[in-house]
Every structure is written in structure tokens, then in C-alpha cells.
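Just so you know, these numbers come straight off a predicted model, no measurement behind them. Each chain gets a letter, A, B and so on, in the order the sequences are listed, and its residues count up from 1.
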Amino acid sequence: MRWSKYFLQTVREVPGDAEAISHVLLTRAGMMRRIAAGIYALTPMGLRSHRKTERIVREEMNRSGALELELPILQPRELWDESGRWARYSSDHILFHLRDRKEGEYCLAPTAEEAVTSLVRAGVTSYRQLPVTLYQIRTKFRDEIRPRFGLMRGREFLMYDGYSFDADAAGLDASYGAQDGAYRRIFERCGLDFTVVEADPGAIGGSDSQEFMVLAETGEDAVVRCAACGYGANVERAETGRRPAPWDGETPGALEDVETPGRGGIDEVVEFLGITASRMIKCLVYETESGPVVAILRGDLDVNEVALKNALGVQHLTLASEEKVESTTGSPVGYVGPHHLSGRNVRVLADGSVRGAVNAVTGAGRRDWHVRGLSIDRDAGVRDFLSFAMARSGDPCPRCGKPLSIARGIEVGHIFKLGTKYSTAMRCEFTDEKGETRPVVMGTYGIGVGRTMAAAVEQHHDDDGIVWPLALAPFEIEIVSLNPADEAARRSADGLYGALVKEGQDVFYDDRDERPGVKFKDADLLGFPIRVNVGGRALKDGKVELVTRSDRSIRAVPLAEAVEAVRALRHELAGPIEVPA
RNA sequence: CGGGGCGUAGCGCAGCGGUAGCGUAUCUGCUUUGGGAGCAGAUGGUCGCCGGUUCGAUCCCGGCCGCCCCGACCA
């Protein structure tokens with residue numbers, strides 16, 4: 001493809017609304033353009049990388065045995081009412097919905113569990129027809145609270161979504177495992193440095209789930225990892241081993257009141273009493289759809305609200321207002337303690353961080369007073385401990401006890417063991433060997449195509465632009481004609497371009513009437529892995545320059561050998577995991 | 001949902017009660033030709049929308065829409 005006949009405009013200035021480097025570079029390279037908040041156009045150049053990403057997903061899914069199909073994007077409310085997700089997604093304002101001329105309600109699908117389940121329920125009646133994994137790669141819609149980072153969190157985006165149907169849990173394990181393997185191959189082929197972590201299943205529902213995280217500073221998620229044993233989890237889901245506590249080994253002292261005038265906050269009490277925050281026990285009052293709860297944890301820790309929601313089995317969790325705190329606990333905000341809550345009509349949950357606590361400081365249950373010497377067992381009578389404190393860097397690994405580290409990651413893929421949540425709700429059942437009717441056991445899987453492409457840019461760029469992995473580059477090779485005004489030089493460039501095209505190479509040809517500097521800048525910005533400079537001083541010796549974008553190495557080769565040299569370099573960059581077309 | 005900010009040329013921005021400017025991009029000419037060239041000239045704007053104040057509004061006021069950022073309470 002010749003640039004002179006292409007539709008491509010690079011821009012020098014950084015777009016004002018771009019925050020993430022991938023957004024900046026993809027926009028500057030002319031590969032995408034914003035149409036509205038979270039809604040983007042892909043230019044021909046941008047579409048090429050997007051399609052290559054999509055193609056890798058499709059190839060690996062087909063190889064794994066999954067079958068591609070197409071489900072509707074426009075879906076009727078009735079379908080969503082069957083699973084109960086219409087109400088839930090509507091209340092979260094995630095769903096784009098609309099009405100037809102007959103006032104029927106529809107949504108633009110953010111995912112397709114209901115549609116695929118209704119399809120399978122109509123077709124599958126026997127265990128003999130299982131297992132089966134179906135997938136599609138189609139546009140999805142989510143009315144995100146805050147779309148941002150360009151392709152990373154859009155409201156309209158291309159997503160792979162796969163669904164497995166099995167007769168039992170062992171079958172699900174196998175289907176899930178096949179997806180896991182396909183995911184690993186996909187992200188490897190995309191040239192990404194990724195990690196797989198345990199995750200919270202969230203609104204989709206289900207039991208086990210794992211996220212595929214591309215490590216990058218712009219990542220929206222925090223992931224906890226243990227370098228020693230390989231444990232990894234989204235921070236929302238992460239557990240920790242037992243943290244050393246200041247009261248370890250101490251003998252319980254007497255409970256005594258201590259006046260703390262005007263000091264309701266942890267930091268204020270810590271300073272006033274000259275203690276550490278870890279010696280304190282704090283009580284947070286939350287409101288949920290099933291009533292108020294008090295969460296008890298150590299003073300230096302934060303609540304992991306996702307973990308707390310799961311522990312409580314609730315969907316909504318917000319900190320209570322001051323009035324609600326008082327009416328629930330009988331104590332003003334800042335002075336709630338775990339020992340004066342018995343008899344109150346409120347659920348009390350304690351985090352493991354306060355297990356065995358003695359000589360702790362906490363609220364006395366009345367304004368301007370705290371207590372010292374609190375023993376959690378003796379004074380508060382707490383017996384059951386859950387785990388809902390947010391993991392911190394340096395906390396002990398839940399498996400091996402070595403220190404955890406926290407990094408940022410971009411969630412490019414997610415796999416869930418769904419179980420029978422949808423198949424039960426929607427009566428997607430089959431008859432087993434014994435003639436009994438059972439719900440199918442489902443798994444659900446997703447990969448953000450545009451997000452994966454953007455993640456590749458996050459991981460592969462430098463000050464001058466994108467450094468595409470070969471597999472995702474819009475074109476693998478670019479020929480730069482240095483002085484097209486010179487007839488002989490132009491013919492050489494044309495000739496090389498023609499020869500590469502003839503042998504099927506993926507080549508872009510900058511034949512514009514521009515100065516070399518402009519072309520070099522654009523070449524770096526667009527990030528084609530291989531560049532061939534034709535013209536100028538090298539051509540005077542009958543040579544062209546072969547430039548590798550990733551390491552900026554330059555090698556002069558005779559024009560006559562250029563095709564072979566490009567082929568060899570391309571082979572070298574492709575590495576061992578290339579899959580034939 | 002709350003707070004803050006911004007909507008002026010394709011892009012980045014300035015401006016101001018008297019009908020609009022800079023950089024860049026684009027077009028033309030000349031010069032130039034290995035890392036976003038120089039000079040000269042030119043094109044390009046319902047100043048987000050609606051209403052109000054005013055002799056006069058891009059500017060002031062009100063409303064709406066759009067967009068960006070931060071936050072969503074850790075007692």
C-alpha cells in the first residue's frame with residue numbers, strides 16, 4: 001500500500017483529552033479518532049492492527065475447539081428478565097437500552113449469556129451433545145460510568161465472548177482449562193508481558209475466575225503478586241497471610257476508659273495517645289440492601305469493599321451517614337467500639353486482622369472517649385473472623401508467607417466458572433446417562449480486542465512512538481523513499497516495493513513527496529517493525545538501509561539482496577510462536 | 001451521583017462589551033532535501049446551543065448540551 005493513495009493523517013500535537021500513552025500514540029499515529037466519549041473511529045491503519053488482534057483470538061479459539069457463531073447485539077428485555085440481569089444492570093446504569101415503535105424494550109448487549117443460553121437450551125437435550133464451547137467476536141456496549149484511556153475503556157468496543165456448556169463440574173474444568181490455554185497463546189502471540197491472577201467474578205456471577213493482566217502503569221486494576229510462590233490475585237480478591245500484630249505475645253490488661261477530647265479519627269487518636277495505628281481497632285458502619293453492618297478491622301488497614309460484599313452476600317455497600325451510625329450503634333461517628341454492640345440489631349463482622357487482639361485501643365461508644373486494654377475475645381465476644389482487609393505491599397503471602405508486591409495491570413481477558421446460575425434461571429437443561437434432568441454447567445470467557453491492542457502499545461513504545469510487536473503491527477514493513485523526486489531513486493524504491501508485494505509481504509510504502517525527516521518521524525510514530533530506507537547516500541553505493549524499530553539497528557544491504565534481507569529479518573522478529581496464515 | 005474545569009479554524013491555544021487572533025496543519029510559488037526546513041502569499045470560524053441584559057454579546061447573566069479531570073465518605 002502506498003501512503004500517497006492511503007487515508008492516513010498523523011498529528012504532531014498531543015490530543016487534549018488523551019491521558020494514557022496508548023491513547024496519545026494511537027491518536028497521533030492517525031490510527032483512531034474520538035467521535036464521542038468512549039466512542040472511537042478506527043482509521044484504515046488502526047483497523048489493520050485491530051483486525052490482526054482479532055484474528056489471533058479467532059485462530060486460537062478455533063484451534064482450541066471452540067465454535068464461532070453470531071448472537072444478536074440488539075436484545076429484547078424479556079431475555080434479560082429471565083436471568084434477572086435486566087434489573088441489576090439497569091440499576092447500575094450499565095445497560096444501553098431503547099424502545100422500538102411498539103414500545104418494546106431492548107438493550108444493546110454488553111455480554112451475551114442469555115442469548116447463548118437460550119440458543120443452547122433450544123438445541124441441547126442430551127449429555128451426548130455436550131460439551132460445546134461457542135464464541136463470537138462482536139461489538140459490545142456498556143454505558144461506563146467513566147469511559148477513559150481511549151480504546152481501553154470505551155462504551156462501544158470489540159470483545160471476544162465465549163461460553164462453554166458441560167454436563168458436570170469436571171467437564172467445566174476441562175473447558176475452562178482449554179480456554180486458559182488459548183488465552184495464554186493469544187497474549188503470547190500478541191507479544192504481551194502478562195500475568196494471570198485470581199479475580200472477583202463481579203456482576204457476571206459465578207465461582208472461580210481468573211484475570212489476564214498486562215502489567216502497565218496505566219492499568220486500572222491493582223494486582224497482588226508473590227514473587228516467591230507465584231500467587232497472584234486482583235487486589236479486590238487478594239487475601240494475605242497473618243500480619244504480625246503489636247499485641248502478639250502480650251498479656252491482656254484491664255479495660256479502661258481514656259478521654260480523647262475532639263479526637264474521632266484514627267490519626268488523631270494515634271497522635272494524642274502516642275500509639276501506632278495498628279494497635280487500634282476500627283469499626284466501620286455500612287449500609288446494605290439487607291440492613292446495616294459493622295465491619296471491624298485493625299486501625300492501619302483499609303476495608304476491601306469487594307471482599308466485604310462477598311462476605312456479606314450483598315450487592316450494594318456504602319458507608320453509613322453520621323445519623324445512621326448513631327442510630328445503629330448508639331455511638332457518634334469516630335467513637336464506635338466492638339465491645340458495646342451486643343444487643344444492637346446489627347450484623348457485626350470482624351476481619352482476621354483483629355483475631356487474638358489484646359490491649360487494643362478503640363472507641364468507647366460515647367463522644368470524646370476511647371478505651372485501652374480491649375481484648376477482642378474477652379470484651380467483644382467476637383468468635384468468627386472473615387477476611388476483608390485490603391492487601392498492602394509487603395503483607396505476607398497467603399500461601400507461602402513471603403512479602404507480597406502490588407503492581408498495576410490492564411485486564412485484557414477474564415475467564416469464569418459460571419456453574420449453573422444461568423442454566424438454572426433459564427432452564428437450560430439436558431438429560432444425563434441416568435435419564436435425569438440437570439442444568440448444564442457453564443463457563444464464560446471474555447477478551448477485550450481493542451484493549452489488548454492498546455495494552456500492546458502501553459508495553460511497547462518509546463519517546464518517538466509505537467514499537468509494534470510484529471504480530472500486531474498495522475504493516476510489518478515500511479519502505480521509505482528518501483527522495484522520490486529523483487527518478488532513479490524513485491524507481492529503486494518502486495521496484496523494491498513491487499518485489500515485496502509480489503512475494504506477499506505486508507508492506508507499506510511511504511512514497512510521499514516529503515522531506516526525509518518528516519518520513520522518519522512518521523515511521524517511528526507509526527512503529528512499523530521493519531523499515532527500509534531507499535535513496536540518499538546508501539543508494540549511491542547501490543545499497544538500502546534496513547532499520548529495526550525495536551532496537552534502532554541499521555544495516556546497509558545491496559539493493560539486489562534487499563528482499564532476501566527483509567525476509568530474513570522478518571523471520572527473526574517473528575520468533576518461535578508464529579502461526580502460519 | 002458529588003466537586004472542579006473546559007467548549008473559539010482539522011489539531012493545540014490566546015483573546016475580549018464594538019462582528020476574532022497565534023502556532024500548527026492545509027493550498028500556491030520560490031528556495032531547500034538524511035530526523036517534523038525557510039521565505040512570501042492564500043484558504044479556513046453559525047466563538048457548543050437556547051434565552052436574557054445591552055444601542056451592540058464570542059465576552060456579562062440564566063438554562064441546556066457536550067467534553068475532561070478528581071472524588072464517591074476508611075470514622
Parallel, tilted or perpendicular for F508(A) and Y6(A), by the 30°/60° rule?
perpendicular

Is the glycosidic torsion of U19(B) within 90° of 0, making it syn, or is it anti?
syn

Every protein N/O within reach of nucleotides 64-67 of chain B N/O, cut-off under 3.5 Å:
residue	atom	partner	partner atom	Å
C67(B)	OP1	A37(A)	N	3.1

Sticking with atom P, work out how far G17(B) lies from C65(B), rounded to a whole angstrom.
29 Å

In whole Å, measure the gap between the C1' atoms of A42(B) and C50(B) for me.
36 Å

Whole-Å distance separating the CZ atom of R28(A) from the P atom of G12(B)
13 Å

If we take the C1' atom in both A20(B) and G44(B), what is their distance in whole Å?
13 Å

For R512(A) and for G38(A), find the nucleotide of RNA chain B with the closest heavy atom, then tell me which residue's nucleotide is more 5'.
R512(A)

Review item, nucleotides 73-75 of chain B N/O atoms under 3.5 Å of protein N/O:
residue	atom	partner	partner atom	Å
C74(B)	O2'	D302(A)	OD1	3.3
C74(B)	O2	V303(A)	N	3.1
C74(B)	N4	E305(A)	OE2	3.2
A75(B)	OP2	K282(A)	NZ	3.2
A75(B)	O3'	G264(A)	O	2.5
A75(B)	O2'	G264(A)	O	3.0
A75(B)	O2'	G334(A)	N	2.9
A75(B)	N7	C283(A)	O	3.1
A75(B)	N6	V285(A)	N	3.0
A75(B)	N6	V285(A)	O	2.8
A75(B)	N1	A320(A)	O	3.4

If you restrict it to nitrogen or oxygen atoms, what contacts under 3.5 Å exist between nucleotides 2-7 of chain B and the protein, and what is each distance?
none

Please check: side-chain N/O of E561(A) versus main-chain N/O of P558(A), any donor-acceptor pairing under 3.5 Å?
no

Span that lies between the P atom of U19(B) and that of C47(B), in whole angstrom:
13 Å

Taking atom CD as the centre, does E271(A) end up with more than 12 heavy-atom neighbours from other residues, nucleotides or ligands that are less than 6.0 angstrom away?
no

On a whole-Å scale, what distance lies between the C1' atoms belonging to A14(B) and U8(B)?
9 Å

Write down the distance separating the C1' atoms in C6(B) and U33(B), rounded off to the nearest Å.
42 Å

Heavy atoms only, 4.0 Å cut-off, all strands: where does N533(A) land among base, sugar-phosphate and nothing?
base

Measure distances between side-chain N and O atoms of R531(A) and base N and O atoms of G35(B), and say whether any donor-acceptor pair falls under 3.5 Å.
yes

Here the distance between atom P of G34(B) and atom CG of D513(A), to the nearest Å, is 14 Å

Quickly work out the F7(A) CZ to G10(B) C1' distance and round it to whole Å.
11 Å

Atom NZ of K521(A) to atom C1' of A37(B): distance rounded to whole Å?
14 Å

Select from R33(A) and R148(A) the residue whose nearest nucleotide in RNA chain B is closer to the 5' end of that strand.
R33(A)

Could you check how far CD1 of I145(A) sits from C1' of C69(B), rounded to whole Å?
16 Å

Is there a side-chain contact between E458(A) and I21(A) in this structure, where contact means two heavy atoms from C-beta onward sitting under 4.5 Å apart?
yes

Would one find more than 12 heavy atoms of other residues, nucleotides or ligands at under 6.0 Å from atom CZ of R2(A)?
yes

If the threshold is 4.0 Å, N to carboxylate O, is there a salt bridge linking E220(A) and R148(A)?
yes

Can you confirm if the aromatic rings of H340(A) and Y335(A) lie within a centre distance of less than 6.0 Å?
no

Side chain to side chain contact (heavy atoms under 4.5 Å, CB included) for L301(A) and R243(A)? Distances and angles first, verdict last.
CA-CA 11 Å; L301(A) 300 172; R243(A) 302 170 180 85; 3.6 Å; yes

Rounded to whole Å, CD of E287(A) lies from P of A72(B) at a distance of 18 Å

Please report the distance, rounded to the nearest Å, between CG in L526(A) and P in G35(B).
19 Å

Between R85(A) and Y89(A), is NZ or CZ placed under 6.0 angstrom from the six-membered ring centre and within 45° of the ring axis?
yes

Please give the stem ranges for RNA chain B, sorted by first residue number, where a stem is three or more consecutive Watson-Crick or G-U pairs and both donor-acceptor distances are under 3.5 Å.
B:1-7 with B:65-71, B:10-13 with B:21-24, B:26-31 with B:37-42, B:48-52 with B:60-64

W3(A) CH2 to G36(B) P, straight-line distance once rounded to whole Å:
16 Å

Closest non-hydrogen atom pair between L151(A) and G450(A), with its separation:
CB-O, 3.8 Å

For the student: nearest non-hydrogen atoms of P338(A) and L374(A), plus distance
CG-CD2, 3.8 Å

Just checking E545(A): base, sugar-phosphate only, or nothing, at a heavy-atom cut-off of under 4.0 Å?
base

Distance-only donor-acceptor test, E13(A) side-chain atoms vs G23(B) base atoms, 3.5 Å:
yes

Sole residue of V325(A), L349(A), L284(A), L341(A) in side-chain contact (heavy atoms from CB on, under 4.5 Å) with V294(A)
L341(A)

Whether the side chain of N310(A) engages the backbone of A307(A) through a donor-acceptor N/O pair (distance < 3.5 Å, no angle test) should be reported.
no

CD1 of I410(A) to CD of E217(A): how many Å apart, nearest 0.5 Å?
10.5 Å

C1' atom, A75(B) versus C69(B): distance in rounded Å?
27 Å

Are E487(A) and R491(A) within salt-bridge range, i.e. N to O under 4.0 Å?
yes

Measure from NZ or CZ of R451(A) to the centre of the six-membered ring of F157(A), then state whether that distance is under 6.0 Å and the direction lies within 45° of the axis.
no

Say we look at G56(B) and C16(B): how far apart would their C1' atoms be, to the nearest angstrom?
14 Å

Under 4.0 angstrom, heavy atoms only, what part of the nucleic acid is G535(A) near: base, sugar-phosphate, or nothing?
base

Heavy-atom donor-acceptor pair, N483(A) side-chain to G34(B) base, under 3.5 Å
no

Under 4.0 Å, heavy atoms only, any strand: does A485(A) hit a base, just the sugar-phosphate, or nothing?
nothing

Mark yes when over 12 heavy atoms from residues, nucleotides or ligands other than I145(A) sit less than 6.0 Å from its CD1; otherwise mark no.
no

Under 3.5 Å, side-chain donor or acceptor atoms of residues 523-547 of chain A against the rest of the protein: list the pairs with distances, not counting sequence neighbours.
residue	atom	partner	partner atom	Å
D524(A)	OD1	R531(A)	NH1	3.4
R531(A)	NE	N533(A)	OD1	3.1
N533(A)	ND2	E545(A)	OE1	3.1

Are there any protein N/O atoms within less than 3.5 Å of an N/O atom in nucleotides 25-32 of chain B, and if so, which ones and at what distance?
residue	atom	partner	partner atom	Å
A25(B)	OP1	R12(A)	NH2	2.8
U32(B)	O2	R515(A)	NH1	2.6

Give me the atom names and distance for the closest heavy-atom approach of A391(A) to V224(A).
CB-CG2, 4.0 Å

